[in-house]
Amino acid sequence: MSTSKAKRINPNRILNTTQNGIKRITLSAPEVAENIPEVKPLRTPTKPKNFYLTVTHADRGMLDDHAHQVIASAAILADKETTVVALVLGELREDIASLGADKVIVMPEFDYQVFQPDAELACVLKVIDSLQPSRIFMPDNMIGDGELGRRLIATQPSKSAATHVIEIDAKHVASYQAGGSLLAFADLPEIILLAANTAETNLPFVASAIPDEQLKSTSYTFKESNSDYKNLGMLPVASATIALEEADFIVSAGNGVSNVATLETLARSLDAAIGASRVAVDDGKFPRDKQIGASGKTVSASAYLAIGISGAVQHLQGIKDCRHVIAINRDNSAPIVKRADLTVIGDAEEIMQSLILAIAEAKQATSNQTMSNPVN
Amino acid sequence: MNIIKHITTLVSAGRHPVSGEPRHCHNDSLAMTIGLDMAKSISAKHHVLHAGNPDNKALSEYLALGAGQIDVIPISDDTDVVDCLATQLNHADLILTGSRAESGEDSSLLPYLLAEKIGIPLVVNALAIKVKANTIEVLQFLPKGKRRHVTVKLPAIIAIHPLAPASLKFSYARQISGAIKTLLVPYTSTSTSVHKTQWQTLASIRKPIKLKAPENKSGHDRMMSAISSESKGGAVVNNGNSVEKAQVILGYLREHRLINF
Ligand SMILES: Cc1cc2nc3c(=O)[nH]c(=O)nc-3n(C[C@H](O)[C@H](O)[C@H](O)COP(=O)(O)OP(=O)(O)OC[C@H]3O[C@@H](n4cnc5c(N)ncnc54)[C@H](O)[C@@H]3O)c2cc1C
């Protein structure tokens, strides 16, 4: 028996897992698993004399998607000589190098929940004074940036500005006017307040995002004691009373929730609003106005706890704007697992019961702590 | 002793979203109703001020909503509204406006420019206002169902949020008994528009185009990104009993500051 000269192909070829977790056989590729994450080139401005400044508020240490888009659009529009400086008001605990910020100034004392427009404006003006940025980018939002941006525009009559910008490119901006009946264009102005979803945040490069301590110390602002404004604090609003679309924390039930009372207890202990999938609503467990999804409500909570929900596309459509999705499900191949930032596999009822206990213990521990040192 | 003697509400001409017909601007009407109610409760004088065409049909709707009298500064299109209004607002202790107009540039800048011009503080997104000694206490709207209390020293400008709880009452009798008074003010304002952005309008509306980073990928890369979906999926916890799993969830919520205990 003669041995064949033909090259024998290994029937059990190694699969290459791509970055997105998809298994592929690439015939031309060598037989090694190439699970190497893509390395993006580092953007380094050559002559750092020209600056683009972005000003955004952070919430609980994170910038929202809107703020991400603003920093990314500054980075996309910046040329090789321009340094993108991100001024973040409020504490920041996330890395924004992938959004293209070359330098970062974090001012943790300017939490968006505290009303101090004059101190914030003074801080921004100091940064502008020392950098002399050629353009300033801000999100046109309701958590303080839209307001701060307009206060800035009013104090800078010599700078051109545009608000509610819905389209931006290297040459121009566009915005709706006359109640949305006209689309207006203008040359790229110096101060730009961007509406949400005007830019993609997926960049082909990363930046170094170096914290700039020197700028931070020069832009430090004393709170004026004779300010015209005084912050009296947030009004406590029970989550159960606010509309689902506005809720910040939602506990949502699907077909996998058998005991509605447990879910309601859990929602109460987390001070969360209650939502439901269509099946749970159809079963009569929840009223129709609690339905989340394509034929229900679209929600934008910071935290969405999906309990016993399979995650059908019609349901996922309703939660596409949610920041943190946590799923409890018996089935680790349910589509919700792909969407969720954290999935816990197990029986919904058991985990809900344990969670209620754990929350009660945690609350007890915190209140004991505050009792023992009442200053904080 | 009450320090508020004059409250002025600024009203603009609105625009019907479908027909484009002039009408009252709902947000400005809310501000006016809040102003009228407050003036009544503290017996201050309430004024309604508009800069624009005195013959605008929208103005009579403000009369029907209780304005009583509307003072109009007649201006042509190229004069600076901020300058004109500022000259008329010297005596006002409290100035109320809406948050966003329905006509013109809609930049929501007017209250800010006015506050800067007159040199008085401004609070925006107000849902309710209350007089407290020489300050005004404002309940402010914030997204995600949050509300905030702040106070501001008088005189001040307060921009009312469109969701402010005030009910508008339309009365034809008030519409015909009310008056529109044209003010003859000599102003020497040339067009000194504060933000000198030159807008070119396009009558047809199209979908805005998103800004994207230019990419020079190889054909293979482009194909790979087209056939692979973006779904990432987070951590999956399979092991442990329910108590441990509950702790994992609690830990996640704490790590991202979604709870404060
Ligand atoms: C035109 C159209 C519009 C629709 N609009 C909507 C909409 O707006 N909103 C919406 O939600 N749906 C909508 N749907 C329905 C959608 O397709 C799904 O059928 C629905 O979302 C499924 O709900 P569910 O996940 O609760 O139930 P199921 O699909 O039955 O999933 C239940 C999940 O719970 C898990 N589970 C079961 N028991 C337990 C247990 N004891 N412990 C833990 N986990 C358990 C299961 O593993 C499963 O993943 C629409 C469908 C159509 C055709």
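Chain letters run A, B, ... following the sequence lines, proteins first and then strands; every chain starts at 1. Any value given below was found using the heavy atoms of this structure, including those in side chains, with hydrogens, waters and symmetry copies removed.
- No other option in B:Leu142, B:Ile120, B:Ile209, B:Asn239 has as many heavy-atom pairs under 4.5 Å with chain A as B:Ile209.
- Neither the backbone nor the side chain of A:Glu94 comes within less than 4.5 Å of any heavy atom in chain B.
- Using a 4.5 Å heavy-atom threshold, the side chains of B:Lys146 and A:Tyr112 count as touching.
- One finds the CG atom of A:Leu203 at 13.0 Å from the NZ atom of B:Lys212 (value rounded to the nearest 0.5 Å).
- Counting heavy-atom pairs closer than 4.5 Å to chain B, the top-ranked of the candidates A:Lys363, A:Glu245, A:Gln69 is A:Lys363.
- For residues 16-26 of chain B, an interface with chain A (any heavy-atom pair closer than 4.5 Å) does not exist.
- Between B:Ser107 and A:Thr163, the side chains place no donor N or O within less than 3.5 Å of an acceptor N or O (distance only, hydrogens not considered).
- Comparing B:Leu139, B:Thr201, B:Leu114 by heavy-atom pairs within less than 4.5 Å of chain A, the highest count is held by B:Thr201.
- Pairing each heavy atom of A:Ile166 with each of B:Pro208, the nearest pair is O-CB, 3.4 Å.
- Without hydrogens or angle criteria, A:Glu350 side chain to B:Ser242 main chain gives no donor-acceptor distance under 3.5 Å.
- Listed by sequence position, B:Tyr252, B:Leu253, B:Arg254, B:Glu255, B:His256, B:Arg257, B:Leu258, B:Ile259, B:Asn260, B:Phe261 are the residues of residues 252-261 of chain B in contact with chain A, using a 4.5 angstrom heavy-atom cutoff.
- For residues 175-190 of chain A, every residue pair satisfying the side chain to side chain donor-acceptor pair (under 3.5 Å) rule, not counting sequence neighbours, is listed here: A:Ser160-A:Glu190, A:Ser181-B:Arg15.
- A side chain to side chain donor-acceptor pair (under 3.5 Å) check over residues 118-136 of chain B, counting only residues at least two apart or in different chains, returns the pairs B:Lys132-B:Glu137.
- Of the listed residues A:Arg93, A:Arg60, A:Met62, the one with more heavy-atom pairs under 4.5 angstrom with chain B than any other is A:Arg93.
- The two residues B:Lys245 and A:Gly346 have their closest heavy-atom pair at NZ-CA, 4.1 Å.
- Residues B:Lys144 and A:Ser300 form a side-chain contact, since some pair of their non-hydrogen atoms from C-beta on lies under 4.5 Å apart.
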Pair A:Glu167-B:Arg206, salt bridge (charged side-chain N to carboxylate O under 4.0 Å, His left out): steps then yes or no
CA-CA 11 Å; A:Glu167 184 180 296; B:Arg206 61 160 172 77; 2.7 Å; yes

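- Counting heavy-atom pairs closer than 4.5 Å to chain B, the top-ranked of the candidates A:Asp347, A:Val173, A:Thr155, A:Ile336 is A:Thr155.
- Within 6.0 Å of the NZ atom in B:Lys210, the count of heavy atoms belonging to other residues, nucleotides or ligands exceeds 12.
- Heavy atoms closer than 4.5 Å to chain B are found in the side chain of A:Phe249, but not in its backbone.
- Contacts with chain A were tallied for B:Val124, B:Val150, B:Leu154, B:Val152; B:Val150 has the most, counting heavy-atom pairs under 4.5 Å.
- With a threshold of 4.5 angstrom between heavy atoms, A:Asp271 does not approach chain B through any atom at all.
- Taken from CD in B:Gln140 to CZ in A:Phe115, the straight-line distance is 4.5 Å, to the nearest 0.5 Å.
- Considering only heavy-atom pairs separated by less than 4.5 Å from chain B, the leading option among A:Lys230, A:His172, A:Arg323, A:Gln364 is A:Lys230.
- By the 4.5 Å heavy-atom criterion applied to side chains, A:Met142 and B:His161 are counted as neighbours.
- Taking A:Pro189, A:Ala358, A:Gly233, A:Ala303 one by one and counting their heavy-atom pairs under 4.5 Å with chain B, the maximum is reached by A:Gly233.
- Only the backbone of A:Thr198 comes within less than 4.5 Å of a heavy atom of chain B; no side-chain atom from C-beta onward does.
- Top candidate by heavy-atom pairs under 4.5 Å with chain B, chosen from A:Asp140, A:Leu193, A:Ile356, A:Ile168, is A:Ile168.
- Two residues are said to be in side-chain contact when any heavy atoms from C-beta on lie closer than 4.5 Å; A:Tyr229 and B:Val123 meet this criterion.
- Exactly one of A:Val344, A:Ile345, A:Thr343 qualifies for a side-chain contact (heavy atoms from CB on, under 4.5 Å) with B:Asn238. That residue is A:Ile345.
- Expressed to the nearest 0.5 Å, how far CG of A:Leu183 lies from NZ of B:Lys207 amounts to 13.5 Å.
- Side-chain atoms of A:Arg151 come within 3.5 Å of backbone atoms of B:Leu122 as a donor-acceptor pair (strictly under, hydrogens ignored).
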Would A:Glu147 and B:Tyr112 count as a side-chain contact (heavy atoms from CB on, under 4.5 Å) if you check the C-alpha gap in whole Å, the side-chain angles of each, and the deciding distance to 0.1 Å?
CA-CA 9 Å; A:Glu147 180 185 339; B:Tyr112 297 87; 3.6 Å; yes

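- Residue contact with chain A, scored on non-hydrogen atoms closer than 4.5 Å, involves the backbone and the side chain of B:Gln200 alike.
- Here B:Val237 is the residue among B:Asn241, B:Val248, B:Val138, B:Val237 with the most heavy-atom pairs under 4.5 Å with chain A.
- With a 4.5 Å cut-off on non-hydrogen atoms, A:Leu235 touches chain B through its backbone and its side chain both.
- When all heavy atoms of B:Leu211 and A:Asp169 are compared, the pair lying nearest together is CD1-CA, 4.1 Å.
- Heavy-atom distances place the side chain of A:Asn332, and not its backbone, under 4.5 Å from chain B.
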Run B:Arg100 and A:His164 through side-chain contact (heavy atoms from CB on, under 4.5 Å) and show every step you take.
CA-CA 11 Å; B:Arg100 188 177 181 181; A:His164 297 300; 3.4 Å; yes

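- Contact detail for B:Ala213 and A:Ile76: the closest heavy-atom pair is N-CD1, 3.6 Å.
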